[in-house]
There are 2 protein chains.
Amino acid sequence: MAERRTRADALNNRARIVRAARELLTPGAELPMNAVAKAAGVGQGTLYRNFPTREALLAEVYRADVDQLVSSAAPLLERHDAATALRRWLSDVADYARVKRGVLAALEPASGHELAASATGTIGEAIDRLLDAGKAEGTVRADVDSQDVLTLLGFLSRMDEAEAAERAEHLLELIVSGVLARS
Amino acid sequence: MAERRTRADALNNRARIVRAARELLTPGAELPMNAVAKAAGVGQGTLYRNFPTREALLAEVYRADVDQLVSSAAPLLERHDAATALRRWLSDVADYARVKRGVLAALEPASGHELAASATGTIGEAIDRLLDAGKAEGTVRADVDSQDVLTLLGFLSRMDEAEAAERAEHLLELIVSGVLARS
DNA sequence: ACCTGAACACCGTTCAAGT
DNA sequence: ACCTGAACACCGTTCAAGT
């Protein structure tokens, strides 16, 4: 079981791919795979071995941001009732998604394929903690799971920029309202 | 203002394009524009003059179906309270969207571009009638409009087949729950 | 007036050949 | 063991040339 040493150039390439992707992701944010490889100065094959799908690449680019969102859930739960904490946390996530388009879409586990490893796990767990607290309070519907919420957030983050600016906040309010229990 | 006569071959081509598109749209339902032109036996230019966007083409393909959905709203409102009518109608639409993927996505007016003419108009009006009846009853949130509902339905209809089969119904229930007023 | 289809400018992805 | 980049098989869209 000796830890296989990864070659230094391989590590280096991976880092450069992630950095290049981050730099290419800005406003309207298309992200052609070929463009990433070129900007990173690697062959397309290298890109694909490191990141078999665009989602895998995006998940890595946004890992730090996502970790921060995940860890912001616990403090909210300490200071507020669960319904409020949930509402605020989702609002934060939506704000974040508005500037960094495609984050949630990358995290949302696309039907067939394996739940994209740790990132999806932890963000799913954060949502579950919020939902569970709300269910214990009786303020969140018992039949809602983190999967539902992630899917709905994924929808919002796929809206194009203009539409999101106008409507995302209001739609999130409707979604939250649907997740909360009738009183 | 004399009505300009359209050439018979042009009318014919348009009809063949629509028919070809309908036949190509089946299960997993990709719809390459080139494939439509080829199947219709016309040049790509002809396709593009008749239907500048894929959405325009889809809207035409599904016009009859959409008309039927639109006209099914009124009878529901006669027989049920508005909340029930809304719920049933949305459920019908979702069922329909599950077999004919992409219908709603075609109708949802994409941010910038002009509301795709009559179809969007009438389906929007059908939703508004349901919502207005609900608002009069006090069972629908006052701040919801048909635009919101169409956007949310559009999301659902863009899920891939496997995910839709598993989750669409439940997600629709959450959405309806969000649209209804707190009691 | 309307049509055709070659042509252009892109994609994502693979894989033989190199080091 | 890892890399490169040419090559393949697609897209959507345009526009010169035809009828």
Side-chain angles (χ1 to χ4, degrees), chain A residues 1-21 24-26 28-61 101-102 105-106 110-114 116 158 160, chain B residues 1-21 24-26 28-61 101-102 105-106 110-114 116 158 160:
Chain A
M1 312 268 122
E3 285 283 298
R4 289 232 110 283
R5 276 297 221 143
T6 310
R7 265 169 40 177
D9 59 339
L11 280 176
N12 196 6
N13 276 336
R14 189 181 169 89
R16 282 165 63 190
I17 289 167
V18 174
R19 204 176 322 131
L24 287 178
L25 275 172
T26 10
E30 291 294 299
L31 189 68
M33 297 296 265
N34 285 345
V36 174
K38 189 168 186 185
V42 304
Q44 300 98 299
T46 300
L47 171 56
Y48 276 91
R49 195 163 350 81
N50 280 282
F51 302 102
T53 67
R54 192 196 318 281
E55 270 150 25
L57 175 56
L58 286 173
E60 181 66 23
V61 168
R101 191 119 341 195
S111 66
H113 88 148
E114 77 312 344
R158 269 196 273 261
D160 58 71
Chain B
M1 318 265 121
E3 285 284 300
R4 287 232 113 281
R5 276 292 222 150
T6 309
R7 265 169 41 176
D9 58 339
L11 281 176
N12 196 7
N13 277 336
R14 189 180 169 91
R16 282 165 65 189
I17 289 168
V18 174
R19 205 177 321 134
L24 288 178
L25 275 173
T26 10
E30 291 294 299
L31 189 67
M33 296 296 265
N34 284 344
V36 175
K38 190 169 184 184
V42 304
Q44 300 97 301
T46 300
L47 170 56
Y48 276 90
R49 195 164 350 82
N50 279 281
F51 302 102
T53 68
R54 191 197 318 282
E55 270 149 26
L57 175 56
L58 287 173
E60 181 66 23
V61 168
R101 192 119 339 194
S111 67
H113 87 148
E114 79 309 343
R158 270 197 274 261
D160 57 71

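In the text below, chain A, chain B and the rest are named by the order of the sequence lines, each starting its count at 1.
- C:dC11 atom P lies 11 Å from atom CG of A:L31, rounded to whole Å.
- Each of B:Q44 and B:R7 was assigned the nucleotide of DNA chain C with the nearest heavy atom; the assignment lying further toward the 5' end belongs to B:R7.
- Using the Watson-Crick or G-U wobble rule with both distances under 3.5 Å, D:dC10 pairs with nothing in any strand shown.
- OP1 or OP2 of D:dC3 has at least one side-chain nitrogen or oxygen of A:N13 nearer than 4.0 Å.
- Base pairing annotation: C:dC15 forms a Watson-Crick or G-U wobble pair with D:dG5, both donor-acceptor distances under 3.5 Å.
- Distance, B:F51 CZ to D:dT13 P: 15 Å, rounded to whole Å.
- Nearer the 5' end of DNA chain D, as judged by each residue's closest nucleotide, is the contact made by A:G41, out of B:Y48 and A:G41.
- As a whole-Å value, the separation of B:L57 CG from D:dG12 C1' is 14 Å.
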For A:R16 and A:N13, run side-chain contact (heavy atoms from CB on, under 4.5 Å): C-alpha distance rounded to whole Å, both residues' side-chain angles, the deciding distance at 0.1 Å, then the answer.
-> CA-CA 5 Å; A:R16 282 165 63 190; A:N13 276 336; 3.9 Å; yes

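- In this structure, the NZ atom of B:K38 is 15 Å from the P atom of C:dT4, given to the nearest Å.
- In this structure, A:N12 places its CG atom 16 Å from C1' of D:dA1, rounding to the nearest Å.
- Distance check, rounded to the nearest 0.5 Å: CG of B:L57 to CD of B:E60 gives 8.5 Å.
- Separating the CG atom of B:L47 from the P atom of D:dC15 is a distance of 16 Å, rounded to the nearest angstrom.
- From B:L24, atom CG reaches atom CZ of B:R19 across 12.5 Å, with rounding to the nearest 0.5 Å.
- Between A:N34 and A:V42, the residue anchored closer to the 5' end of DNA chain D is A:V42, taking for each the nucleotide with the nearest heavy atom.
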Kindly determine whether B:L25 and B:L58 satisfy side-chain contact (heavy atoms from CB on, under 4.5 Å), including the steps that lead there.
-> CA-CA 10 Å; B:L25 275 173; B:L58 287 173; 3.6 Å; yes

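- If you take CD of B:E30 and P of C:dG12, they are 15 Å apart, rounded to a whole angstrom.
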Show the numbers, then the answer: is there a side-chain contact (heavy atoms from CB on, under 4.5 Å) between A:Q44 and A:M33?
-> CA-CA 8 Å; A:Q44 300 98 299; A:M33 297 296 265; over 6 Å; no

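- Within the 4.0 Å cut-off from OP1 or OP2 of C:dC3, at least one side-chain nitrogen or oxygen of B:R49 is found.
- As rounded to whole Å, 21 Å separates atom P of C:dA9 from atom CE of B:M33.
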